[in-house]
Amino acid sequence: MSAPTTTGPAKRPGLRLPRLDRDRLVLALAAPLLAIVTAVVITSVVMSITGQDPFHAYQVMLDFGSKSDSQVWIINRAIPYYLAAAAVAIGFRMNLFNIGVDGQYRVAAFFAAAVGGSLSLPGPLATVVIIVTAMACGALWSGIAGYLKATRGVNEVITTIMLNFLAGALIGYFLQESRLGEREGNIIHTPDLPESAMFFEFATQVQPIHGTVLLAVAAGLAYWFVLGRTRFGFDLRAVGRSEPAAEASGVSVKRTVVTAMLLSGAVAGLVGMPTLLNESGNYGNDFPEGIGFTGIAIALLGRNHAIGMAFAALLWGFLERTGTQLEIEGYAQEIVGVMQGIIVLSVVVAYELVRRWGVRRQQRLVGERSGKATPSTPPSTDDSAEVSA
């Protein structure tokens with residue numbers, strides 16, 4: 001009895017895993033590398049067109065950004081940026097565009113400052129009350145948009161933008177000397193928080209790092225766990241992919257929408273805490289604005305990933321810190337804004353290009369495997385079977 005013949009080397013299914021891992025690694029590294037190279041090239045071209053030396057600019061940024069005081073400044077700056085990005089990303093994960101983070105964190109910070117300045121509580125308890133008040137106010141403000149979306153089908157982009165304007169009007173109404181404000185020179189602010197209610201700081205050789213960095217770490221861990229390791233996170237992502245399919249599988253789309261907006265607003269309520277509890281100690285008409293819109297860019301830059309958004313927030317702080325040194329060196333003031341915009345656009349385009357390339361590669365691999373699995377048919381001699389390219 002003759003031995004069975006083989007047409008080629010035996011294939012073991014276990015050999016496919018390294019190839020898949022290699023493809024995933026290539027896809028994971030290709031997008032950020034492509035984005036960085038594209039951003040550097042375009043920025044260099046823009047600088048060259050305006051008659052400025054891009055290589056000297058990069059050297060200045062690296063030298064100034066590597067100093068100890070700059071590094072601490074970047075970390076402190078990145079804390080509210082990261083919290084804003086996490087708040088935005090919760091909505092992004094289910095295709096909800098919470099454009100109202102800016103209004104949510106300002107309303108939350110204002111009422112938290114008003115409550116904290118009017119209560120006489122032991123230090124740690126006062127801090128907890130302030131943080132909980134801020135999260136509750138942020139959730140309540142964003143919950144309005146979630147309720148209108150779930151019950152009336154009102155687009156959340158419209159409602160959150162309008163709520164931003166209402167937030168400014170509400171704060172302006174109460175932040176007056178005859179109501180909740182008090183004047184100090186040209187600044188009107190809420191009563192100062194007691195010193196014991198302020199958040200602690202980590203001492204360094206140059207300047208302290210805000211202790212509210214722990215709030216950002218906690219928010220990042222909660223974001224990663226809730227959205228990636230729980231049933232609710234799966235339901236949230238399922239609703240974002242296909243509402244009819246999620247509804248058919250037993251997921252309450254309306255409840256998920258409202259819950260997601262409440263969570264997004266609660267995280268947004270933390271955005272103003274680094275400024276309130278580590279810097280100003282009150283809410284005044286000089287309280288920083290626009291952080292919520294920066295969070296949208298950072299969420300896009302970090303691809304809604306907990307770690308990716310952390311690096312994006314640090315990069316944003318690095319650009320802002322080193323941009324001041326570029327102005328001293330004679331570079332145009334707008335160059336930092338141009339660089340930030342180019343980076344965001346490069347990341348969005350690069351990830352989309354890499355995603356499409358990955359899809360085409362998977363389809364080609366599936367086609368090759370299916371072709372090998374089926375017996376080949378003899379070529380047809382009929383001219384009509386030929387297909388022109």
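If you check the side chains of Tyr331 and Thr50, you find no donor sitting under 3.5 Å from an acceptor. Looking at Arg179 and Gln176, their side chains do bring a donor and an acceptor atom within 3.5 Å of each other. In summary, the side chains of Thr160 and Asn98 do not present any donor paired with an acceptor at a separation below 3.5 Å, with no hydrogens or angles considered. Using modelled atom types and a 3.5 Å distance limit, the side chains of Asp192 and Asn282 yield a donor-acceptor pair. A donor-acceptor pair shorter than 3.5 Å can be found between the side chains of Glu320 and Tyr81.
No side-chain donor-acceptor contact under 3.5 Å links Ser264 to the backbone of Ala260. Checking side-chain atoms of Arg364 against main-chain N and O of Val366 turns up no donor-acceptor pair under 3.5 Å. A donor-acceptor distance shorter than 3.5 angstrom exists from the side chain of Thr127 to the backbone of Ala197, with no hydrogens or angles considered. Under the 3.5 Å distance criterion, the side-chain polar atoms of Ser280 are matched with a main-chain donor or acceptor of Thr275. One N or O on the side chain of Arg237 and one on the backbone of Leu227 form a donor-acceptor pair closer than 3.5 Å. At distances below 3.5 Å, at least one donor-acceptor pair connects side-chain atoms of Gln104 with backbone N or O atoms of Gly100. A donor-acceptor contact shorter than 3.5 Å is absent between the side chain of Tyr82 and the backbone of Val217. With Ser70 contributing its side chain and Ser66 its backbone, the two residues share no donor-acceptor pair below 3.5 Å. Side chain of Thr190 to main chain of Ala114: no donor-acceptor pair is present (N/O by atom type, distance under 3.5 Å, no hydrogens or angles). Of the possible donor and acceptor atoms, one in the side chain of His305 sits under 3.5 Å from a partner among the backbone N and O of Ile307.
Here Phe202 and Phe200 bring their ring centres to under 6.0 angstrom of each other.
Across every non-hydrogen atom of Asn95 and Gly240, the tightest pair is ND2-O, 2.5 Å. Pairing each heavy atom of His210 with each of Asn278, the nearest pair is CB-OD1, 3.3 Å. For the residue pair Val40 and Tyr58, the shortest heavy atom distance occurs at O-OH, 3.3 Å. The two atoms that bring Val336 and Leu319 nearest to each other are CG1-O, 3.5 Å, heavy atoms only.
Remark: Gln52 CD to Glu329 CD distance equals 11.5 Å, nearest 0.5 Å.
Classification of Arg255 and Asp235 as a salt-bridged pair fails, no side-chain N sitting under 4.0 Å from a carboxylate O.
Using a 4.5 Å heavy-atom cutoff, the side chains of Thr151 and Lys254 are not in contact. Contact of the Leu215 side chain with the Ile131 side chain is registered, since non-hydrogen atoms from C-beta on lie closer than 4.5 Å. Side-chain contact between Arg229 and Trp224 is present, with heavy atoms from C-beta onward closer than 4.5 Å.
Partner Ile99 forms a side chain to side chain contact (heavy atoms under 4.5 Å, CB included) with one of Val88, Ile161, Thr159, Ile158 and no other, that one being Ile161. Screening Phe174, Phe110, Tyr105, Phe111 for a ring-ring contact (aromatic ring centres under 6.0 Å, His included) involving Tyr283 leaves a single residue, Phe110.
Evaluation of the side-chain hydrogen bond (donor to acceptor under 3.5 Å, both in side chains) rule for Glu182 yields no partner, not counting sequence neighbours.
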Q | side chain to side chain contact (heavy atoms under 4.5 Å, CB included) assessment of Phe318 paired with Arg77 | A | CA-CA 9 Å; Phe318 172 83; Arg77 191 73 167 181; over 6 Å; no
Q: Decide side chain to side chain contact (heavy atoms under 4.5 Å, CB included) for Val344 and Trp316; before the verdict, give the C-alpha distance in whole Å, the side-chain angles of both, and the deciding distance to 0.1 Å.
A: CA-CA 10 Å; Val344 173; Trp316 211 266; 3.7 Å; yes
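Connectivity analysis of hydrophobic side chains (ILVMFWY, heavy atoms under 4.5 Å, direct or indirect) links Val258 to Leu262.
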